[in-house]
Amino acid sequence: MNSHPETTGIELETEIPGSESLALELGLTAEEYARILELLGRVPTYTELGMFSVMWSEHCSYKNSLLLLKTLPRSGGRLLVEAGKENAGLVDLGEGWAVAFKIESHNHPSAVEPYQGAATGVGGILRDIFTMGARPIAALNSLRFGDPSDRRTRYLVNGVVRGIGDYGNSFGVPTVGGEVYFDACYSDNPLVNAMAVGIVRADRVVSATAVGVGNPVMLMGSSTGRDGIHGASLLASRQFDASSADMRPTVQVGDPFAEKLLLEAALELIESGCVVGMQDMGAAGITCSTSEMSAKGGVGMDIDLDRVPLREEDMSAYEILLSESQERMLVVIERGKEQLAERICQKWDVPIVQIGVVTSDGMLRFWRHGQCVACVPADALVVGGGAPVYERQWKEATYLAYKRQFDQAAFEQQYAGRAAATLLLELLARPTIASKRWIYEQYDRHVGTNTIERSCDAAIVRLKEVPGKALALSTDCNSRYVYLDPFVGAMIAVAEAARNCVCAGAQPVAITNCLNFGDPYDPEVYWQFRQAVLGMGQMCRLLDTPVTGGNVSFYNQSQRNAIYPTPTIGMLGIIESLEHITPSGFERSGDVVYLIGWHSDRLDGSELVVMLAGEPLGTAPPFDAEHEVQLQRALLQAIRKRLVRSAHDTAEGGLAVGLAEAAIVGSVGATIELPFPATLGHLFGEAQSRVIVTVAPDDAEQFEREMACAGVPWHRLGTTGGDRLAIEHVGHWSLGELRMVWETALPRLFDTASAVPH
Amino acid sequence: MNVGIVIFPGSNCDRDAYYAARLVAGITPQFLWHKDTELPADLDCIILPGGFSYGDYLRSGAIARFSPIMRAVRSFADEGGLVLGICNGFQILTEAGLLPGALLRNAHQRFVCRNVTVRVENNATPFTSAYGQGQVLRIPIAHGEGRYYADPETIARLEANRQVVFRYVDADSNPTAESNPNGSLANIAGIINERGNVLGMMPHPERACQALLGSDDGLGVFTSLVHYFAHVSV
């Protein structure tokens, strides 16, 4: 392919020319089309316009989010690469090892085709991890669905859970944790956020950069078909409407077995030392991987599309360039080592073929049937290069004024007749609070033999590579809080994800985020986004947990409504010693039960209010960022001093639900005397910065001293023991009864799951 | 003793089996490649690990039985060599005809990953001698196709010959319907061939190899192998 003459543009004249109306059809704006004319100095071909349309889509270009994302703390601490520089974030573990981790959305594909949408979401995030040379050791997810009694919700839950399970189980990565919320705002637009974590020797990390003029550019993995064309631009980058079901062909189809082979072959290639750079093909396929790798390395590429193995022979250059067929990688190999690469791929039966070479002039040239069909500067296509960057207009959301009229006194008065004892059981059966066993048992959580089989507030994966250490992993976002106050709500999402890691005995070190919002052209949505990013940044700075990367998913809305703003946080914590692992449940009798932190009886944003009033009311729950940091420090210190037997943060459902969960999960009851009145607010309010802790009686005095020294308030609540939970002035329940209510809620909803085929 | 662990391209418990085997003094594990047609000469036992051998889109183990190494595994078993199939390995052994019966889609049609309790029904095998007869073990399962099925005559024969080696039971050692995670006939979790040298089991003993993973009850399978070879070599 070196024999091709320099492109002068003459060949391009035989191509169908693009036009403004075509640009609009492909999701670009008139201004963006003008910008393309300016960048190229000529009218783009039809194929080139297709490339711009995907690369400048919201999904690939972050054009409406980039300026705000840059305000987040994106380096420092244990970070080995700055956010956004590589396929995933990289955190130093010490002893020569690093963790690669990232979370990404696959919302729109999952809404249209839940099984394949969710499966390929998992596949895509796994590739982001192993393309850096890291072996995936854990997967998590964060899911949002509509009303579970809705037939369509049941169809979506069933498809998404099977999709995640079938892909991860076959690939062989343990799905160790996650979260699932149900709320009517997600009925049309469910959220499927998938997170993956891998481990890699810090000196073996592979960059997604092309360098070395003359180095061969190779395509490895599956052949290229017509699936997923315009997935990034037309499906992921606009809101749902009546025609969305017709978008099913834009959803990719996953093959976990092919991905497993790709993993093994890629890691062996890297180990052999022949890899210069590597990038997986997700959104925008060959277009995205060639342009990003070239732009990053300051080089160009000559690519012969005739050499791309195709599923259908008559595919056009446009289709090949935009295909989002899964399980493919673009690899730049060191010149002269092509045969070594071929031999390794052959061992794993993974096809690999040279499709081009690295060139010096920064231009991407694509050839089909001997004709140059596209000739574009790589830099013109990518983020940080030619891709547009916008600041949108914002305006404080108008619904807030109404929400803030919430009168708690009147609310408590109105429901004074409802027995708290019954309300506790009703809350335990709420799909958002109830046990997610029905879901997580469909995921292999043990493969790899690293998963610590203990109920903790975060998932825990030990590291065979770094003996004695473990990772704590948590995904979190209560989007109701964000809806009621985007700034504070996003702070809480970060704080709670960190708190979960601390409760499990870990030091939180870094986050990855998945920012799910509505239409950024709606000023109120953009205001939510802006506030949330600013709040998130502030909390990350306070906790010293920089952002390693992630993704933004806009246009999560249907004709009826936008989703609640949902900035999902994936938190990585490091457990310095396996002895620090702390369960969430009451596991021993006779321990002292404490509530530590800043208690309040406010019901703002609580599950109780949603359950009784049918909608979230008030503002975000009481939260003080400084207190939160103080609490987390003090708790981790007490855990490291081995003073804490169990720790469980109070979350949805407040203190009463937290106590019930700790009793159920640990299979030990407790007798509780509340140091405050047993009102709905005290029992079920969701004030942050509170943790239910148990301490051995002999350690109680020292524990109290530690908390006092750290300035963290504490209340003695009672003692663990027996097979009942008794809360004075509220009621008492057998563990069997509590467990039955908590465990059977989801099976009852989903066991008869709709038989709609996927 | 030398244990060979077969890597099929879609195996994903191969490294876990290796790791667990290494924890037991006296075992030297090594990997075997599915494309190999010959086995190392000094092999004492072969493990077919869990996973999705060739993707298993058609039916678990349906393609693996035709893989090059399975011919060698079959000869090895015919000569009395010990073969242990775990999960997907069990499925492959039934597909290959080395064990009777079949593993069907779970009765509830869903993949299930769960810590279950199984009872040792026969501790007089090379794979179970380290356990007490009737001992209840806590070992995890993770499969979509684990419902053991065979015709009534075969089941009767398996029971009569004490070829049912592991049975799903509740914590009180009763083989109840609730303790049966997949609808297996007679709560069967693992069986051995008539000759007593080929064992297939759906639970993953290699995942129950350390207390921090929830249980180390699975190690007994590996220590049994060591005992067996210590005994036969005397």
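The chains referred to below are lettered A, B, ... by the order of the sequence lines, with proteins before strands, and numbering in each begins at 1.
For A:Trp348 against B:Trp33, the heavy-atom pair with the smallest separation is CZ3-CH2, 3.4 Å.
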Let me see the working for A:His446 and B:Asp16 under side-chain contact (heavy atoms from CB on, under 4.5 Å), right down to the final yes or no. CA-CA 10 Å; A:His446 293 138; B:Asp16 298 348; over 6 Å; no
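Contacts of B:Tyr57 with chain A are made by side-chain atoms alone, with heavy-atom separations under 4.5 Å and no backbone atom involved. Contacts of A:Arg454 with chain B are absent, with no heavy-atom separation under 4.5 Å from either backbone or side chain. Contact annotation for A:Ser170: both backbone and side-chain heavy atoms come within less than 4.5 Å of a heavy atom of chain B. For A:Lys347, the parts lying near chain B are the backbone and the side chain together; criterion is any non-hydrogen pair under 4.5 Å. Of the two parts of A:Glu264, neither the backbone nor the side chain holds a non-hydrogen atom closer than 4.5 Å to a non-hydrogen atom of chain B. Contacts of A:Leu578 with chain B are made by side-chain atoms alone, with heavy-atom separations under 4.5 Å and no backbone atom involved. When heavy atoms are compared at a cutoff of 4.5 Å, A:Leu261 approaches chain B solely by way of its side chain, counted from C-beta outward. For A:Asp255, the parts lying near chain B are the backbone and the side chain together; criterion is any non-hydrogen pair under 4.5 Å. Contacts of A:Arg462 with chain B are made by side-chain atoms alone, with heavy-atom separations under 4.5 Å and no backbone atom involved.
In this structure, A:Lys260 is not positioned above the aromatic face of B:Phe52 in the sense of NZ or CZ being under 6.0 Å from the six-membered ring centre and within 45° of the axis.
At a threshold of 4.5 Å between non-hydrogen side-chain atoms, the residues A:Glu453 and B:Leu213 do not count as touching.
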